[in-house]
Amino acid sequence: MKKILFLFAITLLIISCKEESPKKQFKKYDESAELATQQKHQNKRMQFKLIQSKYLDMNAVFAPFQKELSQFSEEEYNALKPMILEQDIPTLQTHIRNGDFSYEKLTLFYLYRIRKFESDSTKSLNSIIALNPNVLEEARQKDKEKGANSEYSIYGMPIFLKDNIDTNDMPTTAGAIALVENKNTTDAFIVEQLRANGALILGKVNLSEWAYFFCSGCPLGYSAVGGQTLNPYGRGKFETGGSSAGSGVTVAANFAVAAVGTETSGSITSPSSLNSVVGLKPTIGVLSRSGIVPISSTLDTPGPMTKSIIDNAIFLEAMFGYDAKDAASIDKNLKENKFQNAILESSLKGKRFGVLKGLLTDSIYNATVQKMKNAGAEIIEINPERAQFKGFTTLLNIDMKHDLPSYLVNYADKNVTVKSVKDVTLFNLQDSILRAPYGQQLFDGIVKDTTTLEELEVVKKGLTSEGVKFLQDLYDKKLDAILSINNYHSGVAAVAKYPTLTVPMGYKNNGEPISLTFIGKPFSERTLLKAGYAFEQLTKARKVPKNYE
């Protein structure tokens, strides 16, 4: 009898363990046929060598949420979808205030949605690198403490960070195997600001490795840690843009309320444009860069990526703050009169926009300019001389050569063994198939560059002068902004240190998104957002990706 009871107890224990073990939702699939198709792509950067990450185990990433997700049904997901999908922050906050759902349910909705699509080999976008294991508990706490929050608040909103931004609860890898031990870091300054304002950090998203200053001619949105990010508007058909590929993709696919990107030259503008989302690259110094894996202390900046202008303004405000650790941080009060109040009252009437004559051959741009003119905007055709970017790569090389070691000493986990760009190149050579399948030509170039800091200053001054000269019409013709397409003039805006705002403009005949980019004067973020809001209301161009509705 005792033997029977013992065997019964063992059987129950085994059954119990099986029930408690996480169900494997994510399975590796044979991608050979998909890769063979990609080799025929006309764009060489789209001829992928691999798609799935060889490093990540998404089952482990989702393990902390197994219990809660097992109790969240498809019926509940579908009931919440109309109230959450494509909705802006004020609408979400109103639903929560009305008791339609809680911050916890909102977070669960996104987790369920991410798992639903990312575990489907025909729809996975490889956009996620890490999830905050504490996010549901943090959401429950937000529900307890919510009080009377403004509908224009980031409070309780689940947002993503590009995986080059430090947090105290997830590793920061910049997509590189060399940084997978970068686990014990403190929150970057902008993350401190976001948390202080009540934002929920949902997780970290994929990016072009080392912010796309690593390999030459390699795919946008690829990293050794995260694999190949794919565009929801054309999976394997269209580029994701880079380097903030995961930030653009997750916002476009409604995997979170919003995401933070970073830009040196085009890295917010490009993925925002190609994923039909709103992206703001602020003036250098408006947002802190402390605790962010760098390329260039001269040009780097984080910025908000959202589905709407109003969300962008709310998100931007939540990251504001003077940071004494960032030499570029500006103690400037941009928060006078809340951004959203000014934005909601905006109009295109009487606004003066510079239209680049050479771009008018683009039918969508041309039609958009005409719509703005019909809405009362003053259109001034301009034709600036082509800017000369002599020394641009040198600037990035020498800044990275000095700025990366500074980050590794001051912010990285002490278990990270690499201490310089050269260390990273040597580390990658130990297993180049896993760590650098497309090569590391740009990192090799950094190591070889012998430009001195004194010579670098001359290069910087020359580049800034070229950029400002190209954009001089902003002042000479008293323009509110210059209108460009996608990231066509990101380099000019970068070296001039001028802000840019990208807003969905439409779709090409093949379905690829195209966006209008506003280039403004330094510290004209409010002016850009007002113009962007009026344009957004006029056109309402953004559409949900067809297979991600």
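Side-chain contact, Lys162 with Ser247: no donor N or O sits under 3.5 Å from an acceptor N or O. Inspection of the Thr517 and Thr500 side chains reveals no N or O donor paired with an N or O acceptor under 3.5 Å. Checking Asp480 against Thr527 by side-chain atom types alone, no donor-acceptor pair falls below 3.5 Å. In the model, Asn428 has a side-chain atom that pairs as donor or acceptor with a side-chain atom of Gln440 under 3.5 Å. In summary, the side chains of Asn164 and Thr262 do present a donor paired with an acceptor at a separation below 3.5 Å, with no hydrogens or angles considered. Under the 3.5 Å distance criterion, with hydrogens and angles disregarded, a donor-acceptor pair is assigned to the side chains of Ser243 and Ser267. A side-chain N or O of Tyr407 and one of Asp166 form a donor-acceptor pair less than 3.5 Å apart. Residues Asp413 and Thr185 have side chains that never bring a donor and an acceptor to within less than 3.5 angstrom of each other. Judged by distance alone, the side chains of Thr269 and Asn487 never bring a donor and an acceptor atom under 3.5 Å apart.
For the pair Gly261 and Ser244, the tightest heavy-atom approach, listed with the atom from each and the gap, is CA-OG, 3.5 Å. Heavy-atom minimum distance, Leu474 versus Ile519: CD2-O, 3.7 Å. Pairing each heavy atom of Arg352 with each of Lys477, the nearest pair is NH2-O, 2.9 Å. Taking each heavy atom of Leu316 and Pro282 in turn, the nearest pair found is CD1-CG, 4.4 Å. Looking at every heavy atom in both residues, Thr172 comes nearest to Lys204 through OG1-NZ, 2.9 Å. Annotation for Thr298 and Leu395: closest pair OG1-CD1, 3.9 Å, computed over non-hydrogen atoms.
Annotation: the span from Lys40 atom NZ to Met46 atom CE amounts to 15.0 Å, rounded to 0.5 Å. In this structure, Thr37 OG1 and Phe48 CZ are separated by 11.5 Å, a value rounded to the nearest 0.5 Å. Taking CG of Leu280 as the start and CG of Leu501 as the end, the distance is 5.5 Å to the nearest 0.5 Å. Rounding to the nearest 0.5 Å places OG of Ser297 at 11.5 Å from CE of Met400. Atom CD1 of Ile379 and atom NZ of Lys351 lie 12.5 Å apart (nearest 0.5 Å).
Of the options Phe427, Tyr212, Phe213, Trp210, a ring pair (Phe, Tyr, Trp, His ring centres under 6.0 Å) to Phe443 is made by Trp210 and by none of the others. The one candidate from Leu194, Asp187, Thr186 that meets the side-chain contact (heavy atoms from CB on, under 4.5 Å) condition with Thr167 is Asp187.
For Lys419 and Asp423, the salt-bridge test fails: no basic side-chain N is under 4.0 Å from an acidic carboxylate O. In this structure, Glu378 does not pair ionically with Lys478, as no charged nitrogen and carboxylate oxygen lie closer than 4.0 Å. The pair Asp300-Arg289 does not meet the salt-bridge criterion, since no charged nitrogen lies less than 4.0 angstrom from a carboxylate oxygen. Asp449 has no carboxylate O lying under 4.0 Å from a charged side-chain N of Lys401, or vice versa, which leaves the two without a salt bridge.
Panel note: side chain Glu525, backbone Thr283; a donor-acceptor pair is recorded below 3.5 Å. With Asp323 contributing its side chain and Lys325 its backbone, the two residues share a donor-acceptor pair below 3.5 Å.
Residues Phe214 and Tyr438 keep their aromatic ring centres 6.0 Å or farther apart.
Using a 4.5 Å cut-off on side-chain heavy atoms (C-beta onward), Tyr222 and Leu50 make contact.
The environment of OH in Tyr507 is crowded: more than 12 heavy-atom neighbours from other residues, nucleotides or ligands sit within 6.0 Å.
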